[in-house]
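Scroll down for the structure; my scribbles are underneath it.
A quick note: this is a predicted structure, and the numbers were derived from the prediction, not measured.
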Amino acid sequence: MSKIKIICNPYKKENLSKAFDEDENQWIDINIENNPNSKLLSNTLHKVFFYL
């Protein structure tokens with residue numbers, strides 16, 4: 001099972017998403033470079049955290 005961590009900083013209005021890589025035993029950032037089609041990077045998710 002995949003593990004995902006969402007870190008929200010309301011003071012900077014930013015979200016960080018990380019996925020756990022079991023082979024390397026560390027958290028890896030989910031960003032445009034390594035996962036361009038991730039829905040965790042969408043503006044909709046950003047609006048849910050900060051504008052509702």
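- Applying the ring pair (Phe, Tyr, Trp, His ring centres under 6.0 Å) definition to pairs two or more places apart or across chains, those involving residues 22-41 are F20-W27.
- In plain terms, the two heavy atoms of K18 and I7 that are nearest each other are CE-CD1, 3.9 Å.
- For the atom pair CD (E14) and SG (C8), the distance works out to 9.0 Å, reported to the nearest 0.5 Å.
- Of the possible polar contacts, none joining the D29 side chain to the N31 backbone as a donor-acceptor pair under 3.5 Å is found.
- Of all heavy-atom pairs spanning I28 and N34, the tightest one is CG2-ND2, 3.8 Å.
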